[in-house]
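One structure below.
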Amino acid sequence: MIRLPRGTQDILPGESEKWQYVEATFIDICRRFNYQEIRTPIFEHTELFQRGVGDTTDIVQKEMYTFEDRGNRSLTLRPEGTASVVRAFVQNKLYGLANQPQKLFYNGPMFRYERPQQGRMRQFVQLGVEALGSKDPAIDAEVITLAMTFYQSLGLHSLKLVINSLGDKESRENHRQALVNHFSPYREELCSDCQTRLDQNPLRVLDCKKDRDHKAMKEAPKILDYLTDEAREYFDQVKQYLDASGIRYEVDSNLVRGLDYYNHTAFEIMSAAEGFGAITTLSGGGRYNGLVEDLDGPETPGIGFALSVERLLMALENEGITLPVNEGLDVYVVSLGESSKVPAYALTQRLRKSGLSVDKDYLDRKMKAQFKDADRNQAKFVVVLGEEEVKQQQATVKDMATGEQEMVAFDTLVDYIQSK
RNA sequence: GCGGUCGUGGUGAAGUGGUUAACACAUCGGAUUGUGGUUCCGACAUACGUGGGUUCGAUCCCCACCGGUCGCCCCA
């Protein structure tokens, strides 16, 4: 038997309805916030992610699904959504459209080559938004608010929003230098990853779990202390907007996102519920001024976030929230004897045409078994067709909840059922 | 990439170095010649992840591999 590839999953009936519900809710929230859908390819030129996500990131260094096609092009299954959206923004000159900022959302599978565990798959689905063309701190707050509103509308309440500012270019450069100066004396005591990070991207040393308790970590220079006046003012305004709309958050100066393109606002939303798995991050995002230029577009600020549907469903499960998705069948048509088979089939189609959800037996089962099947499908009504009914052009309609039944003419059947 | 743990029918789950591998659920049929969710009876699948090894003989012991699962690193 051929099994599915490691780290992928089949989403079967019973589960797929939840996905549909979550996606429909997301689309509705995006509509309310006036974000429009963009669909980009699930593979891109490898270079897009190398330049967009950053060569020093774990994603690019060890997690990409990269392959060569028959024309010797190096392609990569997208590990995240932002690079593709920005590429499409530049390529399609969306910066030239009248409606700015461009507020976009996406929904689709992402791919990272990692060892699967709870909440981490090789193919996983992200819902995300990107707002391109505005450097108003209000839109940072809007993106964060959109994410929180979405989670809350599904009923999640054990959430923790963590925000930080990574500052602008000047802030980051000053901080970077301070980090190098601070950690260099301890270089030999740090883990091998951190020694590399110290050279390539010292900010990420702060993110290390191994060296978390090293004495140099506690006294490490905080980015918030190195913000330029401008960057500080920006961060203060973002917080002010969040406060104004009643969004509660926590500032964590060690929050460092794993992608190179972030600056200014960075945030993560985590599940704070007891008994959640080892991975608690439900979504993350931030501002990425400069990325559009890096990908050969005009100077354009941007901010966005992405969330994992898999982790969202885990969080719902963990909080005991069931989505309203279990709708039974309206009608199940039971037929008796050879002569009523064709009329039963015709009647089924007729009922479906009216908008009702209708099914019948296709395994030539006895009546008793057909009723069982109707139960399995949670049918509200069973319509019985035997020789007598066909002759009289009437059907026996049984209300499965009350057990009551009566004869109804074919022509008034739809009205009868809809009025109940 | 590293580590823990697990791998028996459609599902859940016992069990043993040796001629028929429990049980339960599900499914189908009957009791009830045209009526479900209860009950009783019956039927059912040639189920021990793959490949080696030890042995007279392995589903059981050993090894490797594959896969699931959880964790580390990191992230959504």
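Here is how names work: the chains are called A, B, and so on, in the same order as the sequence lines, proteins then strands, and each is numbered from 1.
Proximity of Q117(A) to the phosphate of G71(B): a side-chain N or O atom is located under 4.0 Å from OP1 or OP2. R6(A) has a side-chain polar atom (N or O) that falls below the 4.0 Å cut-off from OP1 or OP2 of G68(B).
In terms of position on RNA chain B, the residue among R311(A) and P5(A) whose nearest nucleotide sits closer to the 5' end is P5(A). In terms of position along RNA chain B, the nucleotide closest to D364(A) lies nearer the 5' end than the nucleotide closest to the other residue of the pair R3(A) and D364(A).
Here R365(A) lies in heavy-atom contact (under 4.0 Å) with sugar-phosphate atoms only. In this structure, I279(A) reaches the bases: a heavy-atom distance under 4.0 Å links it to at least one base atom across the strands shown. Nucleic acid contact for A278(A): sugar-phosphate only, since backbone atoms but no base atoms lie under 4.0 Å from a heavy atom of the residue. G337(A) comes within 4.0 angstrom of nothing in the nucleic acid, heavy atoms only. Backbone-only engagement by R376(A) is indicated by non-hydrogen atom pairs under 4.0 Å involving sugar-phosphate atoms exclusively. E310(A) comes within contact range of no nucleotide atom at all, as no heavy-atom separation falls under 4.0 Å. Counting any heavy atom pair closer than 4.0 Å across all strands shown, M121(A) reaches a base atom. In this structure, L312(A) reaches neither bases nor backbone, as no heavy-atom distance under 4.0 Å exists between it and the strands shown.
Distances from the side chain of Q118(A) to the nucleotides C75(B), G71(B), C73(B) place G71(B) closest.
Summarising the geometry, the separation between CD on E23(A) and P on A76(B) is reported as 20 Å, rounded to the nearest angstrom. Remark: C1' of A76(B) and CZ of F124(A) are 5 Å apart, rounded to the nearest angstrom. Computed from coordinates, the Q61(A) CD to C75(B) C1' distance equals 14 Å when rounded to whole Å. Going from atom CG of D10(A) over to atom P of G68(B) covers 12 Å, rounded to whole Å.
For the C1' atoms, the distance linking U69(B) with U35(B) amounts to 46 Å, nearest Å. Taking the P atoms as reference points, U59(B) lies 12 Å from A21(B), given to the whole Å. Spacing between U16(B) and C6(B) at atom P, rounded to whole Å, works out to 16 Å. C23(B) and A13(B) are spaced 8 Å apart, taking the C1' atom of each and rounding to whole Å. To the nearest whole angstrom, the two C1' atoms, one in G53(B) and one in G57(B), are 14 Å apart. Here the separation of A47(B) from U11(B), taken at their C1' atoms, is 12 Å to the nearest Å. One P atom belongs to G36(B), the other to G29(B), and the distance between them is 13 Å to the nearest Å.
With hydrogens and angles disregarded, a donor-acceptor distance shorter than 3.5 Å links the side chain of D361(A) to the backbone of L363(A).
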Where does RNA chain B pair, written as one dot-bracket string 5' to 3', with Watson-Crick or G-U pairs under 3.5 Å, ( ) inside the strand, [ ] for crossing pairs and | for another strand?
(((((((..(((.....[....))).(((((.......))))).....(((((..]....))))))))))))....
Do nucleotides 32-42 of chain B as a string where each nucleotide becomes B, S or -: B if the base has a protein heavy atom under 4.0 Å, S if just the sugar-phosphate does, - if no protein is that close.
--BBBB-----
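Ring to ring, F105(A) and F26(A) are close: their centroids are under 6.0 angstrom apart.
Judged by distance alone with a 3.5 Å cut-off, a donor-acceptor contact links the side chain of R112(A) to the base of A76(B).
If you check the side chains of Q123(A) and T8(A), you find no donor sitting under 3.5 Å from an acceptor.
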